[in-house]
**Student:** 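After the structure tokens below, expect a handful of questions from me.
The residues of the chain are indexed from 1 along the displayed sequence.
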Amino acid sequence: MLTLLAASAVWISISKVCDLRHGREMTKRRSNESICDFAKSFPRRTTDTLVLRAVYESLQDFVASPSVPIRSLDRLVEDLRLGVEDLDDLVDEVSELAGRSTDDWEKNPYFGKVETVGDLVRFTMVQPSSNKSVRMPLAEAGIA
């Protein structure tokens, strides 16, 4: 039993180190990228900039190395190393920041199909607006 616990602790430590190294490598490769580059990867006139900002900022809280510039084609689990169990929490946070409802996710055409950051943006944009006030107004976000 004690051997199993020790092996688990070593495995978790190695995994954390690998995730941090992966994040540093991504940051180095993307050193000149910003949220502006991220936003430019989506259709300008049809994409809600508040959703873009909410996704980008929320992902910074969830990735192992928070300074990693995010790309629309980044895979949430494989590239950004999010745990599958984190995805529901991520969608909740993004929805709240973007002023979108968290009701009836299963009716969303992207439900069960969110694999990339771009998928998360599209999933969130399809969700109806909530009646709650948005925590991050466009003017404060600097993207009005």
**Student:** Test of understanding: with side chain to side chain contact (heavy atoms under 4.5 Å, CB included), list the residues that count as partners of E106, not counting sequence neighbours.
**Tutor:** D104, F111
**Student:** Please identify each residue that fulfils side-chain hydrogen bond (donor to acceptor under 3.5 Å, both in side chains) with N108, with sequence neighbours left out.
**Tutor:** Q127
**Student:** Please examine the side chains of V77 and V84, heavy atoms only from C-beta on, and report whether any two atoms are closer than 4.5 Å.
**Tutor:** yes
**Student:** The criterion is side chain to side chain contact (heavy atoms under 4.5 Å, CB included); which residues satisfy it with P109, sequence neighbours excluded?
**Tutor:**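 Scan of P109 (side chain to side chain contact (heavy atoms under 4.5 Å, CB included), adjacent residues dropped) gives V126.
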**Student:** Rounded to the nearest 0.5 Å, how far does OG of S72 lie from NZ of K40?
**Tutor:**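 Nearest 0.5 Å value for the NZ-OG distance: 13.5 Å.
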**Student:** I need the T116 OG1 to D79 CG distance, nearest 0.5 Å.
**Tutor:**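 So the OG1 of T116 and the CG of D79 are separated by 9.5 Å.
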**Student:** So, taking the atom named CG in L120 and the one named CG in L59, what distance separates them when rounded to the nearest 0.5 Å?
**Tutor:** 6.5 Å
**Student:** Partners of S95 by side-chain hydrogen bond (donor to acceptor under 3.5 Å, both in side chains), sequence neighbours excluded?
**Tutor:**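 Testing S95 for side-chain hydrogen bond (donor to acceptor under 3.5 Å, both in side chains), a comparison that skips the adjacent residues, returns none.
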**Student:** Scan D48, V94, V51 and name whichever one has a side-chain contact (heavy atoms from CB on, under 4.5 Å) with V121.
**Tutor:** V51
**Student:** According to salt bridge (charged side-chain N to carboxylate O under 4.0 Å, His left out), does anything in residues 110-121 pair up with another residue at least two apart or in another chain? List the pairs.
**Tutor:**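 Residue pairs passing salt bridge (charged side-chain N to carboxylate O under 4.0 Å, His left out), neighbours aside: D119-R122.
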**Student:** To the nearest 0.5 angstrom, please state how far the CZ atom of R45 sits from the OG1 atom of T47.
**Tutor:** 11.5 Å
**Student:** List in chain and number order the residues that pass salt bridge (Lys or Arg N to Asp or Glu O under 4.0 Å) with D89, two or more places apart in sequence or in another chain; answer none if no residue qualifies.
**Tutor:**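 Scan of D89 (salt bridge (Lys or Arg N to Asp or Glu O under 4.0 Å), adjacent residues dropped) gives none.
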**Student:** If you define the side chain from C-beta out and look only at heavy atoms, does anything of L82 sit under 4.5 Å from L90?
**Tutor:**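 L82 reaches L90 side chain to side chain.
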**Student:** Are F42 and V55 close enough that some pair of their side-chain heavy atoms sits under 4.5 Å apart?
**Tutor:** no
**Student:** With sequence neighbours excluded, tell me which residues meet side-chain hydrogen bond (donor to acceptor under 3.5 Å, both in side chains) with D37.
**Tutor:** none
**Student:** Going from CG on L97 to CG on D61, what distance comes out if it is rounded to the nearest 0.5 angstrom?
**Tutor:** 8.5 Å
**Student:** Ignoring hydrogens, what is the shortest heavy-atom contact between E78 and R81? Give both atom names and the distance.
**Tutor:**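 Where E78 meets R81 most closely, the heavy atoms are O-NE, 3.5 Å.
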**Student:** Any side-chain heavy atom of R53 sitting closer than 4.5 Å to one from I35?
**Tutor:**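 Heavy-atom side-chain distance check passes, below 4.5 Å.
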**Student:** Quick check: closest heavy atoms across R100 and M125, and the distance to 0.1 Å?
**Tutor:** NH1-O, 2.8 Å
**Student:** Measuring from atom CG of L52 to atom SG of C36, what distance do you get when rounded to the nearest 0.5 angstrom?
**Tutor:**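 Spacing of CG (L52) from SG (C36) equals 11.0 Å.
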**Student:** Can you list everything that forms a side-chain hydrogen bond (donor to acceptor under 3.5 Å, both in side chains) with S58? Sequence neighbours excluded, please.
**Tutor:**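 Partners of S58 by the side-chain hydrogen bond (donor to acceptor under 3.5 Å, both in side chains) criterion, ordered by chain and then number, come out as E93.
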**Student:** With sequence neighbours left out, what residues match Y56 under ring pair (Phe, Tyr, Trp, His ring centres under 6.0 Å)?
**Tutor:**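 So Y56 forms a ring pair (Phe, Tyr, Trp, His ring centres under 6.0 Å) with F38.
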